*Asks:* 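Handing you a structure now.
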Amino acid sequence: MNENFNQFVPNVHFELVPIKDLVSNQDYQRSLSMAHVKKAVENFDLNQINPIKVSRRNGVNYVFNGQHTAEIVVMASGSRETPVWCMIYDYLEYTEEADIFANQMTNVKPLQAYEIFNASCEAGSSKELMIKGLVESYDLRITSKTIPGGICAVGALISIFDRYGYETLDRVLHLTVITWEGEQKSFSANMMNGVARLIYAYGAELKDNIFKEKLSEISIKEICKIAKERRTGSLGYAEAMLIFYSKRMKNAPHWKKLYENKKSKTAEVMPIGSSDNDGSDSSTNNSRFTSDDNSGIQAG
């Protein structure tokens, strides 16, 4: 190799090392997340396994990037005798390992939701292709930038599909298009998730023609304003839209239905004139699934 390039090539070598011979009890390591390990095993893909970074000090193989990868392979294979490819550094001190661990993600550009979605479509993923086809059936497209006829909130599309199903996502897009006629802000995550909450809560009781008639008279700006006054997130948007939908309606939808699947220790904020008081938005994400490298399942 040209000596001019040596400064850009790590002085390492690769070995297949049985997992039982790896150690990852260093103080700088984070706690092992078995939830992460179990989730990865459920979707185990051999091609997503990254080499484990190992510092060989005094004959001991210290893992400084990839302890979760090792445990995923152990659980998937059922044995700690299973070997994994290791990128071995023979010259690192303990402090250098800790420094590499602390800064390993500093210059890594995370994959954006659109990039993952687009790659999944190219890979032939049936779910992403179904969502893409549905969006395009409304003369819309999924984009990474805010443009007319584009939907940037790809995470919301996937969430609605996963949580409520294809038909609900179809109806969300239908109601959004006929009501706000493609206005860009109507395709925000909170707006679409808010509509999805209403559809899920009320089903056929929510009339598309009435929704269009009443909500089309209300600007997205006004809906956002009311939503933020009530609560954060998509439930606030669902409440705001329900207020306008129910206005001057004799047999208005029962507010309690919006919260029937919610568990809460606090009371709901209800519209003026309503006596119902039940539930709240408890949709928090406690997932600790992380990755040390966007190209694989490794997590240090």
Side-chain angles (χ1 to χ4, degrees), residues 105 107-200 208 211-245 281 283-285 287 290-291 294-295:
M105 295 299 291
N107 297 309
V108 175
K109 184 179 183 297
L111 286 172
Q112 301 300 309
Y114 172 78
E115 294 169 333
I116 297 172
F117 181 88
N118 190 51
S120 296
C121 287
E122 292 298 311
S125 170
S126 58
K127 180 176 76 173
E128 278 76 9
L129 288 173
M130 285 177 68
I131 294 172
K132 183 174 184 284
L134 179 58
V135 169
E136 292 178 351
S137 73
Y138 287 95
D139 292 325
L140 301 167
R141 60 192 178 112
I142 298 169
T143 65
S144 60
K145 299 178 181 178
T146 302
I147 60 173
I151 299 179
C152 295
V154 61
L157 294 172
I158 294 172
S159 175
I160 293 169
F161 182 94
D162 288 342
R163 190 171 184 183
Y164 305 115
Y166 180 92
E167 292 184 359
T168 295
L169 178 58
D170 186 11
R171 194 175 173 200
V172 167
L173 293 173
H174 172 72
L175 279 176
T176 303
V177 168
I178 67 171
T179 304
W180 295 288
E181 299 180 340
E183 183 177 339
Q184 186 64 47
K185 291 182 179 179
S186 67
F187 296 113
S188 72
N190 277 329
M191 282 292 293
M192 291 194 294
N193 279 319
V195 174
R197 283 177 178 270
L198 292 175
I199 293 171
Y200 179 72
D208 292 11
F211 187 94
K212 175 183 180 299
E213 177 187 344
K214 293 193 172 185
L215 272 298
S216 62
E217 297 178 355
I218 311 301
S219 69
I220 302 297
K221 183 178 180 180
E222 180 66 13
I223 293 173
C224 293
K225 178 177 178 293
I226 299 298
K228 291 176 181 178
E229 289 173 353
R230 297 184 66 81
R231 67 177 70 248
T232 58
S234 61
L235 185 55
Y237 281 73
E239 290 180 349
M241 286 184 273
L242 188 57
I243 288 172
F244 294 117
Y245 179 88
D281 185 3
S283 55
T284 55
N285 179 9
S287 173
T290 56
S291 174
N294 292 305
S295 62

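For reference, positions follow the sequence shown, starting with 1. This structure is a prediction, so every number in the text was calculated from the model and none was measured.
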*Asks:* Closest heavy-atom contact between Lys132 and Cys121?
*Replies:* CD-SG, 3.8 Å
*Asks:* Please indicate whether Lys228 has more than 12 foreign heavy atoms, meaning atoms of other residues, nucleotides or ligands, lying under 6.0 Å from its NZ.
*Replies:* no
*Asks:* Is any side-chain heavy atom of Phe161 closer than 4.5 Å to one of Met130?
*Replies:* yes
*Asks:* Do Leu140 and Val177 come within less than 4.5 Å of each other through their side chains, counting heavy atoms only?
*Replies:* yes
*Asks:* List for me each residue that meets side-chain contact (heavy atoms from CB on, under 4.5 Å) alongside Ala156, sequence neighbours excluded, and say none if there are none.
*Replies:* Ala153, Ala189, Met192, Asn193
*Asks:* Can you list every side-chain hydrogen bond (donor to acceptor under 3.5 Å, both in side chains) pair that touches residues 138-148, not counting sequence neighbours?
*Replies:* Tyr138-Asp170
*Asks:* Please name the pair of heavy atoms, one in Ser234 and one in Asn190, separated by the smallest distance, quoted to 0.1 Å.
*Replies:* N-OD1, 3.3 Å
*Asks:* I need the Ile142 CD1 to Phe117 CZ distance, nearest 0.5 Å.
*Replies:* 3.5 Å
*Asks:* For the atom pair CG (Leu198) and CG (Leu175), what is the distance rounded to the nearest 0.5 Å?
*Replies:* 9.0 Å
*Asks:* For a quick test of reading the model, state the closest non-hydrogen atom pair linking Ser186 to Met191 and the distance between them.
*Replies:* O-CB, 3.4 Å
*Asks:* Between side-chain atoms of residues 213-221 and protein atoms elsewhere (two or more places apart, or another chain), which donor-acceptor pairs fall under 3.5 Å?
*Replies:*
residue, atom, partner, partner atom, Å
Lys214, NZ, Tyr245, O, 3.1
Lys214, NZ, Lys247, O, 2.6
Ser216, OG, Lys212, O, 2.5
Ser216, OG, Glu213, O, 3.4
Ser219, OG, Glu222, N, 3.1

*Asks:* Atom OG1 of Thr232 and atom OH of Tyr237: how far apart are they, to the nearest 0.5 Å?
*Replies:* 10.0 Å
*Asks:* Strictly below 4.0 Å, N to O, side chains only: are Lys225 and Glu229 in salt-bridge contact?
*Replies:* yes
*Asks:* Could you give the distance from CZ (Arg197) to CD1 (Ile160), rounded to the nearest 0.5 Å?
*Replies:* 10.5 Å
*Asks:* Can you list the residues that meet the side-chain contact (heavy atoms from CB on, under 4.5 Å) rule with Ala113, with sequence neighbours excluded?
*Replies:* Val154
*Asks:* For Ile158 and Lys127, run side chain to side chain contact (heavy atoms under 4.5 Å, CB included): C-alpha distance rounded to whole Å, both residues' side-chain angles, the deciding distance at 0.1 Å, then the answer.
*Replies:* CA-CA 9 Å; Ile158 294 172; Lys127 180 176 76 173; 3.9 Å; yes
*Asks:* Not counting sequence neighbours, which residues clear salt bridge (charged side-chain N to carboxylate O under 4.0 Å, His left out) with Lys185? List them please.
*Replies:* none
*Asks:* Grab the two heavy atoms, one from Gly194 and one from Met241, that are nearest each other, plus how far apart they are.
*Replies:* C-CE, 3.7 Å
*Asks:* Return each pair, listed once, that meets side-chain hydrogen bond (donor to acceptor under 3.5 Å, both in side chains) where at least one residue sits in residues 117-126; pairs must be two or more places apart or across chains.
*Replies:* Ser125-Glu128
*Asks:* Closest heavy-atom contact between Ala196 and Tyr164?
*Replies:* CB-CE1, 3.8 Å
*Asks:* What's the verdict on side chain to side chain contact (heavy atoms under 4.5 Å, CB included) for Phe187 and Thr176, showing C-alpha distance, side-chain angles and the deciding distance?
*Replies:* CA-CA 7 Å; Phe187 296 113; Thr176 303; 3.5 Å; yes
*Asks:* Can you tell if the side chain of Arg171 reaches within under 4.5 Å of the side chain of Asp208, non-hydrogen atoms only?
*Replies:* yes
*Asks:* Can you confirm whether Leu134 sits close enough to Leu157 that some side-chain heavy atom of one is under 4.5 Å from a side-chain heavy atom of the other?
*Replies:* no
